[in-house]
Amino acid sequence: MTPNVATPSPALQPATQLTLVDALVEQGWYVGREVIDLELCAALNQELLHRAAYNGLDEAGIGRGQQHLLRKDIRGDAIHWLDRESAAQRRYLDAMSELQQALNHALFLGLFEYEAHFAHYPPGAFYQRHLDSFRGRANRVISTVGYLTPNWPSDGGGEMVIYHPDDPSQEVARVIPEAGTFACFLSETIPHEVLPTRHPRTSIAGWFRRNASLGGVLDPAR
């Protein structure tokens with residue numbers, strides 16, 4: 001007899017795709033609690049904390065290419081780009097690939113690839129209000145944030161604030177960075193920020209991108 005093998009839980013709750021697509025169409029953003037499998041969150045969180053403890057993260061900056069700058073007064077997290085080197089990374093990225101296909105099927109976005117990095121915010125770190133992509137200038141289309149920190153304290157700070165696309169001063173949502181929560185929003189139109197954290201904060205930030213190749217040269221990620 002073939003032994004019974006437990007089927008792993010889906011990395012994202014199956015109902016997520018439908019509600020996420022509807023929310024993007026209606027308001028440009030989505031937030032769901034208990035969306036990411038908690039065992040997967042724990043494995044990713046352990047990997048990120050190990051990197052943080054052994055200097056395996058890079059200081060995050062703003063801008064890209066020659067315009068990349070380190071500005072602790074604007075952004076204070078440290079990062080590591082996901083590269084499928086662990087089973088947990090592969091599982092998360094495979095789930096994002098499935099979501100990419102669903103978004104293309106439902107919204108005809110022409111999403112070409114997904115890039116993502118771990119993000120570690122030490123106590124006191126924040127990220128000022130910003131857009132992830134400027135209209136017509138870049139190819140990040142949809143941003144995602146998957147939260148990894150378990151048992152987030154009520155006084156931990158570190159919430160992501162989402163603002164109205166037509167009024168950047170109007171707050172429309174505040175996301176507690178609790179493990180299992182998943183957020184998604186339009187990169188060019190939804191302003192957001194990370195409030196100062198009082199507790200080490202871990203997450204995965206990612207972007208679905210279009211291909212903006214020019215002259216036969218593939219537009220690079222990041």
Test of understanding: clusters of I, L, V, M, F, W, Y form through side-chain heavy atoms closer than 4.5 Å, transitively. Do [X] and [Y] belong to the same one?
{"X": "Ile74", "Y": "Val161", "value": "no"}
{"X": "Ile176", "Y": "Tyr121", "value": "no"}
{"X": "Phe182", "Y": "Val25", "value": "yes"}
{"X": "Leu57", "Y": "Leu148", "value": "yes"}
{"X": "Tyr30", "Y": "Leu186", "value": "yes"}

Whether the side chain of [X] engages the backbone of [Y] through a donor-acceptor N/O pair (distance < 3.5 Å, no angle test) should be reported.
{"X": "His192", "Y": "Ile190", "answer": "yes"}
{"X": "Trp152", "Y": "Gly157", "answer": "yes"}
{"X": "Asn139", "Y": "Arg210", "answer": "yes"}
{"X": "Gln89", "Y": "Asp83", "answer": "yes"}
{"X": "Ser187", "Y": "Asp132", "answer": "no"}
{"X": "Gln27", "Y": "Trp29", "answer": "yes"}
{"X": "Glu178", "Y": "Asn151", "answer": "yes"}
{"X": "Arg75", "Y": "Tyr127", "answer": "no"}

Do [X] and [Y] touch side chain to side chain, with heavy atoms closer than 4.5 Å?
{"X": "Ile36", "Y": "Tyr147", "value": "no"}
{"X": "Pro200", "Y": "Pro123", "value": "yes"}
{"X": "Val175", "Y": "Glu159", "value": "no"}
{"X": "Phe118", "Y": "Thr202", "value": "no"}
{"X": "Glu34", "Y": "Gln13", "value": "no"}
{"X": "Asp94", "Y": "Arg84", "value": "yes"}

Can you tell me how far apart [atom1] ([X]) and [atom2] ([Y]) are? Round to the nearest 0.5 Å.
{"X": "Leu12", "Y": "Leu20", "atom1": "CG", "atom2": "CG", "result": "9.0 Å"}
{"X": "Ile142", "Y": "Glu188", "atom1": "CD1", "atom2": "CD", "result": "11.0 Å"}
{"X": "Asp37", "Y": "Arg91", "atom1": "CG", "atom2": "CZ", "result": "4.5 Å"}
{"X": "Leu44", "Y": "Ser203", "atom1": "CG", "atom2": "OG", "result": "11.0 Å"}
{"X": "Thr189", "Y": "Asp166", "atom1": "OG1", "atom2": "CG", "result": "8.5 Å"}
{"X": "Ile204", "Y": "Leu82", "atom1": "CD1", "atom2": "CG", "result": "5.0 Å"}

Handout entry: Presence of salt bridge, Arg51 and Asp58, under 4.0 angstrom
Key =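 Not counted as a salt bridge, because no side-chain N and carboxylate O are separated by less than 4.0 Å.
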Can you see which heavy atom on [X] is nearest to which on [Y], and at what distance?
{"X": "Gly156", "Y": "Thr197", "result": "O-OG1, 3.4 Å"}
{"X": "Gln128", "Y": "Asp73", "result": "NE2-O, 2.9 Å"}
{"X": "Phe126", "Y": "Leu195", "result": "CB-C, 4.0 Å"}
{"X": "Cys41", "Y": "Gly180", "result": "SG-N, 3.5 Å"}
{"X": "Val31", "Y": "Ala183", "result": "CG2-CB, 4.1 Å"}
{"X": "Ser169", "Y": "Arg129", "result": "CA-NH1, 3.9 Å"}

Handout entry: Heavy atoms of other groups near Glu171 CD, more than 12 under 6.0 Å
Key =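 Yes, the 6.0 Å shell around CD holds more than 12 heavy atoms from other groups.
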Exercise for the section: Evaluate whether atom CZ of Arg90 has more than 12 neighbouring non-hydrogen atoms of other residues, nucleotides or ligands under 6.0 angstrom away. Expected result: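 Correct, the count exceeds 12.
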Can you list, pair by pair, the side-chain donor-acceptor contacts under 3.5 Å of residues 99-111, counting residues two or more places apart and other chains?
unit_1: Gln100; atom_1: NE2; unit_2: Leu111; atom_2: O; d: 3.4
unit_1: Asn104; atom_1: OD1; unit_2: Gly110; atom_2: N; d: 3.1
unit_1: Asn104; atom_1: OD1; unit_2: Leu111; atom_2: N; d: 2.7
unit_1: Asn104; atom_1: ND2; unit_2: Leu111; atom_2: O; d: 3.1

Exercise for the section: Verify the ring-centre separation between His117 and Trp207: is it less than 6.0 angstrom? Expected result: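 Yes, the ring centres sit under 6.0 Å apart.
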Exercise for the section: From the options Arg174, Arg201, Glu193, select the one residue that forms a side chain to side chain contact (heavy atoms under 4.5 Å, CB included) with Met160. Expected result: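 Between Met160 and the candidates, side chain to side chain contact (heavy atoms under 4.5 Å, CB included) is satisfied uniquely by Arg201.
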